[in-house]
Amino acid sequence: MWQMHGLINRTIERFVRETRGESLWLRVAEQAELGFVEFEAMLSYDAALTERVLEAVSAALLLPRESVLEDIGTYLVSHQKTEAVRRLLRFGGVDFVEFLHSLEDLPDRARLAVADLSLPGLELDEQLAGRFSLKVLAQPAGFGAVMLGVLRAMADDYGALVILEYFSDVEGEERIEIQLIEEAFAAGRGFELGARAG
Amino acid sequence: MSGAEAEPGIGAVSALMDAFCPMHVILDEAGTIVHIGATLQKLRAGLPLVGRAFLEVFELRRPQTAQTMEALLASAGVKLHLRLRGAPETALKGVLAPLGGGQGAVVNLGFGISLLDAVRDYALVSSDFAATDLAIEMLYLVEAKSAAMEASRMLNLRLQGAMIAAEEQAFTDTLTGLKNRRAMDHVLARLITAGRDFALMHIDLDFFKAVNDTLGHAAGDHVLQNVARIMVEETRSEDTVARVGGDEFVILFDGLTDCETLERVAKRIIQKLEVPMPFGAHMCHVSASCGTVLSLSYDSPEAAQMLADADLALYASKHAGRAQHSFFRVEMRETSAADAPPEDSIPAAMAPRKSATAPAQNRRKDSA
């Protein structure tokens with residue numbers, strides 16, 4: 001049985017609960033025939049459940065699956081309740097470019113924290129100056145859309161101005177083209193090494 | 001060509017050290033700081049450390065013998081444990097390498113395990129650390145592990161809650177909400193182990209079989225629920241009321257060994273049980289027989305023995321015409337074997353699990 005980590009399921013759940021409200025989540029849980037209303041972050045679930053939940057969320061929000069996934073990525077970085085994730089991502093680099101370069105290490109970093117959490121592989125190509133291409137090796141596809149949301153929110157976080165373009169299926173891979181317009185466009189949000197997410 | 005001339009000057013060394021080790025100091029031959037890395041100076045911002053004696057700025061904790069520049073030089077290559085004097089105190093680790101030609105020495109320092117406090121105390125940022133330093137990775141790991149641990153802790157709490165609920169369920173008689181036989185066994189064992197003084201009352205309903213047979217199981221269940229309610233009402237919250245068989249109950253009175261009080265409680269329970277209970281158009285009539293044993297009656301009380309003896313006292317009550325309460329007396333062990341109990345009062349569920357007294361077991365065999 002293909003498994004999906006509870007942290008990922010829980011993220012989808014919290015995204016719905018915290019941005020669209022409790023009652024919508026209960027409807028989604030029923031629609032997806034979960035048989036429960038709360039995912040455990042530290043347990044794994046049949047990946048089919050995750051697909052059913054995503055379908056139900058997509059139907060309830062009248063949004064295509066990719067848009068839901070992108071919103072989840074943005075939520076992960078920018079929502080106050082997921083500050084811990086933003087901080088962990090910011091450890092990747094002092095500026096947006098360094099952060100981009102740290103993405104290839106992301107699956108290893110995630111595994112260091114939670115041994116059974118396996119994230120899809122990420123490959124960054126630096127093309128011309130300021131132009132990057134991020135390949136997302138996810139099966140089933142979808143993590144690339146999440147990364148699109150993550151990158152958008154992280155660019156804001158660093159105060160960088162970027163243009164992102166998402167290609168959902170390029171020979172079985174997802175790809176994000178990143179064009180860095182200005183690295184220090186805005187002040188961004190602060191990041192103190194010594195502060196902890198509460 | 002002398003060795004000294006072949007050595008690089010302090011300038012070249014400090015440029016290298018600045019590039020690789022932002023937490024180093026360079027000492028002259030007298031042990032005075034002549035150059036300091038940017039991060040190390042940041043720990044005492046506004047207090048220039050250049051020009052001060054190394055051992056005045058840093059307290060050398062180990063090796064403690066190296067309290068002079070000569071001794072320091074001799075400690076080259078040994079791991080140094082230091083403490084930055086003044087507030088905030090910060091523990092540091094280091095190692096010293098002498099500069100050639102007696103020009104002094106370089107000491108490179110690091111935070112070691114005090115990294116977390118230091119980052120907070122001095123508001124350090126990524127650029128304060130050497131690119132090869134694992135400090136940032138360590139901070140990342142600490143945060144990531146804390147978050148993961150917190151998630152695990154929440155899971156554990158929820159599992160514990162579920163476990164307590166399941167145990168609660170496993171110890172509850174679902175029909176009456178009273179404790180069940182298992183729960184009673186646990187409490188009884190606990191009272192005995194703790195050396196508590198307590199009373200054990202065994203209660204068996206009279207005429208219950210008649211209610212069940214004539215009015216059906218629903219009526220029987222209704223009676224049992226009523227009986228349970230009465231028993232809970234007539235006992236204290238610290239007492240344990242358990243349904244241990246079809247129409248058999250055990251009450252453990254923790255800390256209560258006064259015979260008069262126990263007698264009164266038993267009589268009141270019997271009295272209340274005898275009030276006819278309406279069930280639909282019918283009235284259910286039951287009563288109860290009780291037998292009580294005190295922990296004080298034994299040198300070292302045993303659960304099986306106490307249950308068997310309470311059983312004998314209960315049997316004596318049945319024999320005396322039902323709706324009675326009796327305390328256990330040792331003579332009961334001798335007389336009981338001879339007599340058979342009245343028809344509907346065989347307390348099957350009370351069979352002690354092990355090492356029951358002979359009379360009680362024999363009686364059960366006789367009557368079976």
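Below, chain A is the first sequence line, B the second, and so on; all start at residue 1. Only a predicted model underlies this, so the values are computations on that prediction, with no experimental measurement involved.
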Interface moiety of B:L141 toward chain A, non-hydrogen atoms closer than 4.5 Å: side chain

Note: vs chain A, highest number of non-hydrogen pairs under 4.5 angstrom among B:D117, B:V119, B:D121, B:L115 is B:V119

Scanning both residues in full, the closest heavy-atom pair of A:A113 with B:Y140 reads CB-OH, 4.5 Å

For A:L112, does its backbone N or O pair with a side-chain atom of B:K145 as donor and acceptor, under 3.5 Å? yes

So does B:F20 have more than 12 non-hydrogen atoms from other groups sitting under 6.0 Å from CZ? no

Tell me, yes or no, whether the heavy-atom count around A:E30 atom CD, taken from other residues, nucleotides or ligands under 6.0 Å, exceeds 12. no

Side chain proximity check, B:S126 to A:L193, heavy atoms < 4.5 angstrom: yes

If we only count heavy atoms from C-beta on, is the B:R158 to A:E38 side-chain gap below 4.5 Å? yes

Under 4.5 Å between any side-chain heavy atoms of A:M42 and B:M154, yes or no? no

Just do the side chain to side chain contact (heavy atoms under 4.5 Å, CB included) check on A:E192 and B:R120 with the steps written out, would you? CA-CA 8 Å; A:E192 280 174 45; B:R120 212 160 310 164; over 6 Å; no

More than 12 foreign heavy atoms under 6.0 Å from CZ of A:F185: is that the case here? no

When you look at CZ of B:R62, are more than 12 heavy atoms from neighbouring residues, nucleotides or ligands closer to it than 6.0 Å? no

Please determine whether the number of non-hydrogen atoms from other residues, nucleotides or ligands lying under 6.0 Å from atom CD1 of B:I113 exceeds 12. no

Which atoms of A:R90 approach chain B - backbone, side chain, both or neither, heavy atom under 4.5 Å: neither

Counting only heavy atoms not in B:R85 (residues, nucleotides, ligands), do more than 12 fall under 6.0 Å from its CZ? yes

